[in-house]
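Read through the structure below, which is laid out as structure tokens, and then see the notes.
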Amino acid sequence: MPPGAQDGLVLARLVTHEVRWVGKHFLPADRLDRLAAVRDRHHGRDPYLDAFLACILDKHEGRFWNRTYLSLPVLEVVLAEHQLMPSGLAALLAADIIRYELCAAHRRTEVSDLGRPDPRTLRTRLRHSLRFMASHLGSEDSEGLLAAIAREPEADLPALLLELPTPPIAGEWLELTVQPTSTVHDEYFFMRVLQAHEMSFAGMNWRTRDAVAAIRAHDFDTAIRLLDQVVAFMDRNASLFRIVATMRYEAFHTFRESTDGASAIQSEQYKRFEGLCGLPPADRLASPAFESVPDVLAEVSGGQDSMTDAYRDACATGRHSAELATIAGLLRTLEDSHRRWKSTHVTLASRMLGEARGSGHTTGVGYLSGWLDHRLFWQLPDIGVTDVRRRAAG
């Protein structure tokens with residue numbers, strides 16, 4: 001293969017076309033051997049192709065996990081090369097769910113025996129995806145799109161597709177960042193949701209870091225603005241679970257057979273978020289959640305600054321009481337939103353997993369339920385969970 005970047009894109013498109021018809025789990029070994037040879041010959045010439053092949057070859061080379069399953073290395077190249085905001089990329093991923101589902105509804109040939117969702121499920125999936133997209137983009141046209149989807153999403157496909165945002169750059173590679181392990185229809189949108197989850201938390205992380213730095217510099221107006229955005233992101237993340245809730249039980253358990261080794265427990269960005277809020281307690285650091293992401297565990301345990309430390313040190317000065325009271329309120333709201341997010345996750349996992357073990361070699365629902373009471377700001381006694389516990393006490 002010639003070393004040009006365009007040739008790498010052509011190769012990636014050909015591979016993606018085959019993956020969509022057979023599933024990455026079922027690619028022929030000789031094909032994968034040839035791709036490994038291409039990787040070895042041309043490594044370092046095109047960061048997109050390098051990242052793409054690293055993800056395609058993960059199962060073949062025994063290093064399949066959440067990061068490569070979701071093609072996060074390719075998405076990170078897109079972010080780095082074009083200085084895109086993670087939140088903007090999350091919105092584009094949600095738009096692609098809508099685009100994929102609308103186009104699939106018009107496709108005559110079924111790839112999987114399970115087929116596509118019924119019209120009611122389709123409308124619900126599209127509605128939640130559009131709301132997540134619009135919340136990040138602030139699109140003025142979102143209400144019109146919602147109304148069109150609510151009526152009949154398949155009625156005017158070209159017009160609807162033209163209304164959806166498209167990547168201004170690097171769009172060719174963005175469409176190649178879903179490599180399902182199976183041909184089950186629902187796996188595509190499931191992967192896009194998990195990617196959006198990672199991008200959303202990535203955006204929360206840089207805002208949290210900047211808020212910590214702002215508190216250290218006594219720039220409380222900036223810290224308050226950033227924390228307000230983090231809270232909004234945390235609330236939006238709950239809508240991602242509403243999208244996943246449209247997944248059919250039989251579809252999930254069919255493609256789950258070929259995703260062993262990749263698990264949401266391996267989410268690096270969420271663990272970074274925990275660590276930026278405050279150093280987790282010892283039992284949390286020793287749990288499968290952090291043991292499954294050793295690089296992040298090293299970051300979190302390495303003495304990094306956190307919101308807990310910055311807030312506590314600012315309070316110790318005895319000054320800026322009004323600003324710190326506002327920050328305390330935002331941290332409390334964030335704690336509440338985080339707990340609601342976890343509760344929704346447990347509810348969804350209960351419906352989809354039942355008594356089955358978690359894909360991260362945990363007990364599944366039991367493991368998730370055991371961490372419901374874990375707090376982000378457990379070292380700050382004045383920052384407690386208010387929404388659930390106070391209502392229960394009343």
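Everything numeric in this text was worked out from a predicted model, so none of it was measured.
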Below 4.0 angstrom, N of the basic side chain to O of the carboxylate: do [X] and [Y] qualify?
X: Asp30; Y: Arg34; result: yes
X: Arg339; Y: Asp336; result: no
X: Lys24; Y: Asp58; result: yes
X: Arg312; Y: Asp309; result: yes

Would you say the side-chain atoms of Ser71 and Gln179 include a donor-acceptor pair closer than 3.5 Å? no
If only side-chain N and O atoms count, and only distance matters, is there a donor-acceptor pair under 3.5 Å linking Glu187 with Ser182?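 There is such a pair between these side chains.
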For a quick test of reading the model, state the closest non-hydrogen atom pair linking Glu198 to Glu268 and the distance between them. OE1-N, 3.7 Å
Before we go on, tell me: are the rings of Phe201 and His197 under 6.0 Å apart, centre to centre?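 Judged by ring-centre distance (under 6.0 Å), Phe201 and His197 do meet the cut-off.
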Residues sharing Leu226's hydrophobic cluster, by side-chain heavy-atom contacts under 4.5 Å among ILVMFWY, directly or via others?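 Listed partners: none, Leu226 stands alone.
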Partner of Glu299 under side-chain hydrogen bond (donor to acceptor under 3.5 Å, both in side chains), chosen from Lys271, Gln304, Arg272: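 Of the listed options, the one satisfying the test is Arg272.
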Can you tell me if Arg284 uses its side chain to pair, donor with acceptor, with the backbone of His374 under 3.5 Å? no
Pair listing, ring pair (Phe, Tyr, Trp, His ring centres under 6.0 Å) test, anchored in residues 294-315, at least two apart: none
Return the orientation label for the Phe220 and His218 ring planes: parallel under 30°, perpendicular over 60°, tilted otherwise.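 Ring orientation, 0 to 90° scale: parallel.
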